[in-house]
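Because the structure is a prediction, the values reported are computed rather than measured. Chain identifiers are assigned alphabetically (A, B, ...) following the order of the sequence lines, protein sequences preceding nucleic acid strands; residue numbering begins at 1 within each chain.
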2 protein chains.
Amino acid sequence: MKIGELSKRTGVSIRMLRYYEAEGLLKPGRTESGYRDYDMAEVRTVERIKLLGAGGMTLPTILQFLACVRGEGPIFEPCDELRVTLRQQIRLVEERTEKLAQNHNVLTSFLAEIGEG
Amino acid sequence: MKIGELSKRTGVSIRMLRYYEAEGLLKPGRTESGYRDYDMAEVRTVERIKLLGAGGMTLPTILQFLACVRGEGPIFEPCDELRVTLRQQIRLVEERTEKLAQNHNVLTSFLAEIGEG
DNA sequence: CTTGACTCTGACAGCGCTGTCAGACCTTAA
DNA sequence: TTAAGGTCTGACAGCGCTGTCAGAGTCAAG
């Protein structure tokens, strides 16, 4: 399928699909005239990227995952690096959450100080 | 005092102090030769900016605060807009926190799926 | 007066996307 | 055949900072 259809199927903009490719996350074939040609495997890959991205992962990080994921199954192949990356990412999310909690405290303190008025 | 000293006192880089000014958050005087000349009021302002920034506020947002803060006191002058901005900011932080929580779920689910190995 | 430290302005770069526009080619249906 | 719509590449922009560099003027101490 061509890029427009993939975009509609996945809900990812054409711009981003091309960007994924530029970042090495996607490697579609090409038609004789140079159009990108995607198959169902790419659809699955895009879905995975979306999922991981929803986890706050950066594309380069996701790329690491994909190395372990290139397989066929709908589920990620266990892979040591994958676990390591995953744990790091979880730590990252936890750190951000803590920081946000601090921010929340600072702000609510202010609000209390100036009166709930 | 000159910018270098203010930087040391506040721990904010010279680069950022100039940036604050460019964004309208600081308005230091100038010596005859064109050097920025800060007084204690500016020191306090920078401290406030740091505090608000720690709350995840963006400089333009902080600028809105400063409009209510330009006074003398060490504490923010109650000001309607300030309260409104504050509440919006708190909402923003809460939304981000929620999103992070979702991210955390996605990631830990993955980890569980591939085995805690 | 000389030297080193400080300051000035303006501009370029990077983070991680994401939209958009330009100019040109391809495809499909009428 | 023609026109519309899809696609291609490459580049510019923006978000909100933050560092750094260049070229030039200033200040202080020796």
### Query
In whole Å, what is the span from the CG atom of A:Leu6 to the C1' atom of D:dT7?
14 Å

### Query
Do the charged groups of A:Glu95 and A:Lys99 touch, with an N to O distance under 4.0 Å?
no

#### Entry: Touch class at under 4.0 angstrom, heavy-atom based, for B:Thr31 against every strand present
nothing

### Message
Heavy atoms within less than 4.0 Å of DNA chain C: which residues of residues 95-106 of chain B have one? Give them sorted by number.
### Response
none

### Query
B:Ile49 CD1 to D:dC17 C1': how many Å, rounded?
14 Å

### Summary
Between CG of B:Leu17 and P of C:dC6 the distance, given in whole Å, is 15 Å

### Query
Under 4.0 Å: is that the gap between some side-chain N or O of B:Arg18 and OP1 or OP2 of C:dT9?
no

### Query
CD of A:Glu32 versus C1' of C:dT27: gap in Å, rounded?
13 Å

### Message
Between B:Arg91 and B:Glu94, does any side-chain N to carboxylate O distance fall below 4.0 Å?
### Response
yes

### Query
How long is the gap from CG on B:Leu66 to OH on B:Tyr20, to the nearest 0.5 Å?
11.0 Å

### Heavy-atom closest pair, residues B:Arg9 and B:Glu47
O-OE2, 4.3 Å

### Query
Which nucleotide sits closest to the side chain of A:Ile3: C:dC17, D:dC17, D:dT7?
D:dT7

### Query
Can you find an N or O donor on one side and an acceptor on the other, under 3.5 Å apart, linking the side chain of B:Tyr35 with the base of D:dG25?
yes

### Query
Can a salt bridge be assigned to the pair B:Arg36 and B:Glu21 using a cut-off of 4.0 Å between side-chain N and carboxylate O?
yes

## Note on the structure
In whole angstroms, the gap separating P of D:dG16 from CD of B:Glu23 amounts to 9 Å

### Task
Provide, to the nearest angstrom, the distance between the CE atom belonging to A:Met16 and the P atom belonging to C:dT18.
4 Å

### Residue closer to the 5' end of DNA chain D, A:Arg15 versus A:Ser33 (nearest nucleotide)
A:Ser33

### Query
Want to settle it: does B:Lys8 or B:Arg30 sit nearer the 5' end of DNA chain C, counting the closest nucleotide to each?
B:Lys8

### Query
In whole Å, what is the span from the CD atom of B:Glu5 to the C1' atom of C:dT7?
14 Å

### Query
Which residues pass the salt bridge (charged side-chain N to carboxylate O under 4.0 Å, His left out) test with A:Arg15, sequence neighbours left out?
none

### Summary
The residue, B:Tyr20 or B:Lys2, whose nearest nucleotide of DNA chain D is more 5′ is B:Tyr20

### Summary
For A:Met57 and A:Leu86, the nearest pair of non-hydrogen atoms, with its separation, is CE-CD1, 4.1 Å

### Query
Nearest-Å distance, CD1 (B:Ile62) to P (D:dG16)?
12 Å

